[in-house]
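First up is the structure itself, then whatever we jot down about it.
Residues take their numbers from the sequence shown, with the count starting at 1.
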Amino acid sequence: MKKIKISAVSYTNTRPFLYGIQHTDIIDQIDLSLDIPADCAQKLIDDKVDIGLIPVAAALNLPYWEIVSNYCIGANGPVNSVFIFSNCPIEEAKYIQIDPESRSSNNLARVLLKNYWKTSPDLIAGASDYSTSKDPHTAFVQIGDRTFGKTKQFPFVYDLAGEWQKFTGLPFVFAAWIANKPVPPAFVEAFNKSLKHGLDHRIELLKELSTRPDFDLEDYLMHKLDFNLDEDKKKALYLFLDYIKAL
């Protein structure tokens with residue numbers, strides 16, 4: 001049988017999914033590659049893979065897409081790994097340096113800046129070191145493992161999932177398992193079982209991860225992240241896409 005090509009994000013937040021894939025028979029049915037979020041999305045857009053755990057904003061660049069899993073990378077409140085770090089209150093920021101590895105988080109920042117904070121700083125792409133600035137009116141978006149332990153390093157910190165919940169009253173979906181073509185239902189069923197296996201074995205997974213003195217990985221994987229793609233998250237996902245289209 002032809003293997004289904006899958007691209008997944010290589011951050012700590014996906015480790016439960018990868019654990020499930022690697023510890024079940026689904027691994028024999030797929031060709032798995034690990035990528036940063038932007039590359040994961042681009043592979044799906046370019047039809048180099050069949051399924052991607054992609055930033056949800058990238059779905060707007062696909063001529064056809066469908067969600068193929070009951071699970072996602074989401075949060076119901078602060079997620080503790082997707083931030084705007086700032087040298088000033090966000091309403092006073094003149095420049096926002098965007099994260100080169102992200103699509104959804106940069107777009108989430110844009111949606112919140114326009115609709116929630118009611119401000120319009122210049123967005124800077126390709127900054128030589130986007131994750132720092134001595135300019136007192138500069139902030140930057142940063143996501144994933146690179147944010148661990150950084151919340152006390154900046155005078156103003158905004159957790160974007162938490163800010164989205166304040167704005168909409170809804171959870172947020174950062175990434176979903178999305179296909180660019182129809183996928184056999186039998187594979188989807190087996191794939192979901194593999195992902196669930198990983199989520200059910202997060203305690204075992206945590207024993208394999210290196211501990212950090214500045215970040216609580218157990219709290220992150222067990223509580224901050226919410227992996228179930230329930231109806232509220234689907235509602236939030238489509239609302240977010242509507243806000244992006246209106247930018």
Side-chain angles (χ1 to χ4, degrees), residues 4 6-21 24 26 30 32 34-35 37 40-41 43-44 49-62 64-82 102-105 107-108 111 143-144 159-165 167-202 205 220-245:
I4 291 180
I6 296 180
S7 173
V9 181
S10 56
Y11 289 160
T12 298
N13 58 17
T14 64
R15 289 294 295 271
F17 291 151
L18 299 179
Y19 185 96
I21 289 170
T24 57
I26 202 74
I30 67 173
L32 178 67
L34 299 179
D35 304 288
C40 184
K43 283 187 174 183
L44 199 67
V49 296
D50 307 304
I51 297 172
L53 181 58
I54 69 168
V56 295
L60 296 175
N61 299 111
L62 291 165
Y64 171 90
W65 63 279
E66 62 177 47
I67 297 171
V68 293
S69 173
N70 300 327
Y71 304 104
C72 67
I73 302 295
N76 191 2
V79 69
N80 209 19
S81 62
V82 179
S102 174
R103 290 180 188 235
S104 281
S105 299
N107 276 297
L108 176 56
V111 167
I143 70 167
D159 186 302
L160 295 189
E163 299 299 326
W164 166 266
Q165 187 184 55
F167 174 46
T168 66
L170 291 169
F172 192 75
V173 178
F174 291 99
W177 293 99
I178 289 176
N180 58 11
K181 57 182 70 70
V183 177
F187 176 83
V188 172
E189 182 179 358
F191 187 59
N192 269 313
K193 287 181 180 178
S194 293
L195 301 180
K196 184 177 186 300
H197 179 84
L199 294 172
D200 289 345
H201 289 80
R202 279 174 283 176
L205 168 63
Y220 181 58
L221 289 178
M222 300 299 294
H223 304 295
K224 291 294 190 296
L225 289 163
D226 192 332
F227 296 97
N228 292 306
L229 186 57
D230 57 22
E231 290 305 312
D232 276 351
K233 288 197 190 67
K234 290 178 182 177
K235 181 179 178 181
L237 189 158
Y238 289 108
L239 177 62
F240 179 48
L241 295 182
D242 286 342
Y243 272 118
I244 293 173
K245 288 184 280 189

For [X], all residues meeting salt bridge (Lys or Arg N to Asp or Glu O under 4.0 Å), sequence neighbours excluded:
| X | value |
| --- | --- |
| D159 | none |
| K233 | D226, D230 |
| D232 | none |

Among all residues two or more places apart in sequence or in another chain, which pass the side-chain contact (heavy atoms from CB on, under 4.5 Å) test with [X]?
| X | result |
| --- | --- |
| E163 | L112, Y116, W117, Y158, K166 |
| A41 | I54, P55, A58, R103 |
| N107 | A57, R110, F240, I244, L247 |
| K224 | N80, D219, Y220 |

Which residue pairs pass the side chain to side chain donor-acceptor pair (under 3.5 Å) test with at least one member in residues 167-180, sequence neighbours excluded?
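Checked against side chain to side chain donor-acceptor pair (under 3.5 Å) - neighbours excluded - the pairs reaching residues 167-180 are D47-N180, W164-T168.
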Can you sort out the partners of K196 under side-chain hydrogen bond (donor to acceptor under 3.5 Å, both in side chains), two or more places apart, ordered by chain and number?
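Testing K196 for side-chain hydrogen bond (donor to acceptor under 3.5 Å, both in side chains), a comparison that skips the adjacent residues, returns D200.
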State which residues pass ring-ring contact (aromatic ring centres under 6.0 Å, His included) with H201; sequence neighbours excluded, sorted by chain then number.
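H201: ring-ring contact (aromatic ring centres under 6.0 Å, His included) contacts with H197.
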Using distance only, find each side-chain donor-acceptor pair of residues 65-74 under 3.5 Å and give its atom names and separation, not counting sequence neighbours.
unit_1: E66; atom_1: OE1; unit_2: Y64; atom_2: OH; d: 2.2
unit_1: S69; atom_1: OG; unit_2: Y71; atom_2: N; d: 3.0
unit_1: S69; atom_1: OG; unit_2: N192; atom_2: OD1; d: 3.0

Decide, yes or no, whether a salt bridge links E189 with K193 under the criterion of side-chain N to carboxylate O below 4.0 Å.
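K193 and E189: salt-bridged.
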Pairwise salt bridge (Lys or Arg N to Asp or Glu O under 4.0 Å) hits with a residue in residues 73-82, at least two apart:
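Those involving residues 73-82 do not exist here.
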